[in-house]
Amino acid sequence: MIGTYDLKLVLLSGIVATFAAYTALDLAGRVSVRQGRASWIWLFGGAFSMGTGIWAMHFIGMLAFRLPIPIAYDPLINAASWLIAMVVSGVALLVVKHPAMTARNLIVGATLMGVGISSMHYTGMAAMRMSPPIRYDPLLFIASIIVAIMASLAALWIAFQLRKRYSAAAILAKLGSALLMGLAIAGMHYTGMAAAQFAPGSVCLAANSAGGLNAPMLAFMIGLATISILTITLVISASDAHVAARTARLADSLQAANEQLRTAALFDRLTGLPNRLLLEDRLEQARHRADRLRRPFAVMFVDLDRFKPVNDVFGHSVGDDVLVAVAQRLLRCVRREDTVARIGGDEFVVVLADLARASDAALVGEKILEALSVPIPIDGHELPISCSIGISVYPEDGKDLATLTTNADMAMYHAKKAGGSIRFYLPQMRAPALDSPGSP
């Protein structure tokens, strides 16, 4: 027997297939960005919606098929084909849920999905319960399975590529991809239908049983119900994506605000160097590391010489530019693991962590003296600058940080009295320093 098709239902099946394909592409994004329980809820819900769409396309295509005998479909066998479609959809969403799409995952997933879609189709064909049974052309039968696998391969790859894209261009890409995927799914179905061979005098047993599905409006009812389900799914997905995007923006704003607060609390606004608060933390870290490795670290107080005249003559804006330039030169003189901090005015502190020997601090001090002896070009002026450096070493010059920093400060004042140089802290510095606590 030769079958014919109702073209209106064929068109409807293609529309449903495209709708189901677009829903699949959208759901791939929802499943991949969700974590934990929410991800599984989306996966099971997506498998239901997507599987229903694929199955509806297939069943509408079956209802579009006409034979010169009454045709109907066994409800239980049809339900089995619907379950297969949902399982196949779940497999597809599981594949695209992975953070990376490997060639193995793609091939295995496409094969399972293609075989599953073919199983759904031929299970649906079995629901006709033809007597004698339907025979299939071997070449077209194999071709239908290959088409299903290749369509699944393309669908999985496209879904993975577009799963986290929500721009207008991505939506257009999804629409185009959904159309191609819908045509591929429909192509598998109608290739499988072409493989079916009905013997002359065949009888559809389902048409003679109570409960066989053969109502003329059934195809349109299924199409309308399926499109409604898919539309609801897309609306929920779009709403969830909107809420997720809004939540992400709020989280980014909160993170940016926290970062600004952290910067304001821990870093000097002018130079961007650590301030007193962060310096205390870096000193604690240096002490813990020194105790663990049994190696010294040094604290250097760096105070600029002849800085006040810069502010008086050129103004505070030029003075600020000089401080920024000094901060950059200091950073170039130390290692990444060291700390350069500004504690106020023209005073800087350098923490030299993990020294091989205490005398190494003098080498860094010489580099700093040399770097700051070069005039600083500001607004066409070459501003001469220099500095005085005081150094204390842990643990020789103090085991608690307050004593250590006080001793470095004291050594710096002695260096300044000497006309700008480097001085290591010595115990005999303490008494004279009490008589002259301020900078000369």
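Keep in mind that the numbers below use all heavy atoms, side chains included, and drop hydrogens, waters and symmetry copies. Please read these numbers as outputs of a predicted model, since none were measured by experiment.
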Problem - Full working for side chain to side chain contact (heavy atoms under 4.5 Å, CB included) between Arg342 and Glu347 - result: CA-CA 6 Å; Arg342 181 186 177 217; Glu347 293 183 331; over 6 Å; no
How long is the gap from [atom1] on [X] to [atom2] on [Y], to the nearest 0.5 Å?
X      : Y      : atom1 : atom2 : result
Tyr413 : Asp303 : OH    : CG    : 7.0 Å
Asp320 : Asn311 : CG    : CG    : 7.5 Å
Leu266 : Leu278 : CG    : CG    : 5.0 Å
Ser421 : Leu369 : OG    : CG    : 7.5 Å
Tyr136 : Met125 : OH    : CE    : 4.0 Å
Cys333 : Gln328 : SG    : CD    : 11.5 Å

Looking only at heavy atoms, what is the nearest atom pair of [X] and [Y], with distance?
X      : Y      : value
Leu401 : Glu280 : CD1-O, 4.5 Å
Arg423 : Ala418 : NH2-CB, 3.3 Å
Ala148 : Gly114 : CB-O, 3.5 Å
Ile60  : Leu9   : CG2-O, 3.4 Å
Ser81  : Trp55  : OG-NE1, 2.9 Å
Ala325 : Ile376 : CB-CG2, 3.8 Å

Exercise for the section: Could you walk me through whether Phe348 and Phe301 pass the ring pair (Phe, Tyr, Trp, His ring centres under 6.0 Å) test, one step at a time? Expected result: CA-CA 6 Å; Phe348 298 84; Phe301 263 70; over 10 Å; no
Practice task
Assess whether side chain to side chain contact (heavy atoms under 4.5 Å, CB included) is satisfied between Leu273 and Phe267, documenting all intermediate values.
Solution key: CA-CA 5 Å; Leu273 296 177; Phe267 292 89; over 6 Å; no
Practice task
Start with the C-alpha distance between Val318 and Leu383, add both sets of side-chain angles, then the distance that settles side chain to side chain contact (heavy atoms under 4.5 Å, CB included), and finish with yes or no.
Solution key: CA-CA 10 Å; Val318 172; Leu383 302 181; 3.8 Å; yes
Report yes or no: does [X] contribute a side-chain atom to a donor-acceptor pair with the main-chain N or O of [Y] at less than 3.5 Å?
X      : Y      : value
Arg276 : Ile343 : yes
Ser89  : Gly51  : yes
Asp291 : His288 : no
Asp360 : Leu355 : no
His58  : Ile54  : no
Arg329 : Val374 : yes
Asp268 : Asn275 : no
Ser392 : Leu404 : yes
Asn407 : Thr403 : yes
Asp409 : Thr405 : no

Heavy-atom distance under 4.5 Å between the side chains of [X] and [Y], does that happen here?
X      : Y      : answer
Val351 : Leu279 : yes
Ile368 : Cys387 : yes
Phe307 : Val326 : no
Thr339 : Val350 : no
Pro274 : Arg282 : yes
Val349 : Met300 : no

Practice task
Give the C-alpha distance, both sets of side-chain angles, the deciding distance and a yes or no for ring pair (Phe, Tyr, Trp, His ring centres under 6.0 Å) between Phe59 and Tyr73.
Solution key: CA-CA 10 Å; Phe59 192 60; Tyr73 301 90; 5.5 Å; yes
Handout entry: Ile77, Thr123, Val87, Thr52 screened by side chain to side chain contact (heavy atoms under 4.5 Å, CB included) with Trp82, the one that passes
Key = Thr52
Has [X] got more than 12 heavy atoms of other residues, nucleotides or ligands less than 6.0 Å from its [atom1]?
X      : atom1 : value
Arg335 : CZ    : yes
Glu370 : CD    : no
Glu382 : CD    : yes

Problem - Check: Ser144/Tyr190 side-chain N/O donor and acceptor closer than 3.5 Å - result: no
Practice task
Step by step, work out the side chain to side chain contact (heavy atoms under 4.5 Å, CB included) result for Asp305 and Lys416.
Solution key: CA-CA 8 Å; Asp305 302 325; Lys416 187 173 286 288; 2.6 Å; yes
Handout entry: NZ/NE/NH1/NH2 to OD/OE distance under 4.0 Å, Arg287 and Glu284
Key = yes
Practice task
Determine the interplanar angle of the His121 and His189 rings, folded into 0 to 90°, and report it as parallel if under 30°, tilted if 30 to 60°, perpendicular if over 60°.
Solution key: perpendicular
